[in-house]
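One-based numbering, in listed order, for ligands and for the atoms of each. These numbers were taken from a predicted model, which means no experiment stands behind them. The analysis underlying the following values was restricted to heavy atoms, covering all of them including side chains, and did not include hydrogens, waters or symmetry mates.
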Amino acid sequence: MTENKNFFLRNLWYYALPGGQLKPGATIAKNLLSEPVLLGRTLTGQPFALRDICPHRGIPLSCGGFDGQEIECCYHGWRFDSTGRCTVIPSLLESQDFDFSRFRVKQYPVREVQGNIWIYMAADDKADASPSDIDIPMVPYFGDQAYQLAETVKLPCFVDHAVVGLVDPAHSAFVHRAWWWRSPRSLYEEVKQFDPSPYGFTMRRHKILNVPKAYLLVGGVPETEISFRLPSVRIEHVSTDRHTLCNLTTVTPISETETEIHFVAYWTMPWLTPLKPFLRPVVRGFLNQDRQVLLKQQMGLKYNPSLMLIKDADTQARWYYQLKAEFARSLSEKRPFVNPVKEQVLRWRG
Ligand code: FES
Ligand SMILES: [Fe+2]
């Protein structure tokens, strides 16, 4: 079965970046879904996002400056506040009095939740986007707490290949070999119950039988629940009687050929926090293993081969494509989204 429709889903919150990367008074220019976006944080701590193009002559606003409150374009010095409203046009005489506040840069809705900055990518440029905050993905258990660890890696592929990698249980034993995770080629038979969940599906809570060594750190026999939701968010919730560890992994399209993967983790084990400097390279190494294999995949995808999705190991990938197609259809038909996933048991060796 071939699934190769390269389009981005709209009207959803996408992960923009871990909040810690955006310091007060700083800006970061990024491409998101092939759009130039200028992310910034005011000196008072508010994150914001504007289209990174000056409405006057089209120069990127990121070429200009930011004083912690307003952006100044480098070409003619027009100034814009963090909502995108034009506040100053230096070339105007005081007598040339007209209302330039209607000159606006497009503003994107952004929210900072649990340390993560999300951006709403609307389908319609002109419509005033009023997204619902309810749909912003959150890890369970940790309330308002921010993540303790964040890592970002760029992947050289279209977003769908990265998502399929995220929900693919069959590659770990081959791609993620490491002493702290799995021994080489140790394949276990897995039987997992899946349920539909908001905009996605969830692997039902269960005891981890073949505990990867890294999870022994949580203490005791851990239970886990893993959920996936559109557009591309995976949340894993591992817990024992004593402790909880959650991670949120998202992939955000940069362009049709590039995607960013963000991994953030939350935990309750106090002794793990000082070990962060050691944890960081481990997480990076893990993400880089995915990056390396996706790079190799690109060598083959150049020839536009038809691809296969097999039962049951690829069922989650198949669900992703079904969820994506249904979401796009529900938008264009202006009707509620109907989750195509049905309760199911999947079996694979992985
Ligand atoms: S191009 Fe930005 S002020 Fe002229
Ligand atoms: Fe992977």
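Interface atoms of ligand 1 facing Arg57, defined by a heavy-atom separation under 4.0 Å, are 1 (S). Close contacts of ligand 1 with Cys54, meaning ligand atoms under 4.0 Å from a residue heavy atom, involve 1 (S), 2 (Fe), 3 (S).
Residue contact annotation: Cys73 places an N/O/S atom under 2.8 Å from atom 2 (Fe) of ligand 1. Between the Fe ion (ligand 2) and Asp168 there is no N/O/S contact shorter than 2.8 Å. Not a single N/O/S atom of His56, whether from backbone or side chain, sits less than 2.8 Å from atom 2 (Fe) of ligand 1.
Leu248 places a side-chain heavy atom less than 4.5 Å from the side chain of Thr250. Considering only heavy atoms from C-beta on, Leu294 stays 4.5 Å or farther from Gln292 through its side chain.
Using modelled atom types, one finds no donor on one side chain facing an acceptor on the other under 3.5 Å when comparing His237 with Glu225.
With the Fe ion (ligand 2) as the vertex, OD2 (Asp290) and NE2 (His176) define an angle of 90°, rounded to 10°.
Its N, O or S atom nearest to the Fe ion (ligand 2) is what matters here, and for His171 that atom is NE2. Of all N, O or S atoms in His76, the one lying closest to atom 4 (Fe) of ligand 1 is ND1.
The residue from Trp13, Tyr15, Tyr14 that alone fulfils the ring pair (Phe, Tyr, Trp, His ring centres under 6.0 Å) condition with Trp118 is Tyr15.
Taking the ring centroids of Trp319 and Phe194, they lie under the 6.0 Å cut-off.
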For this session: Begin with the C-alpha distance, continue with both residues' side-chain angles, and end with the deciding distance and a verdict on ring pair (Phe, Tyr, Trp, His ring centres under 6.0 Å) for Tyr108 and Tyr120.
Result: CA-CA 6 Å; Tyr108 294 86; Tyr120 189 77; 9.8 Å; no

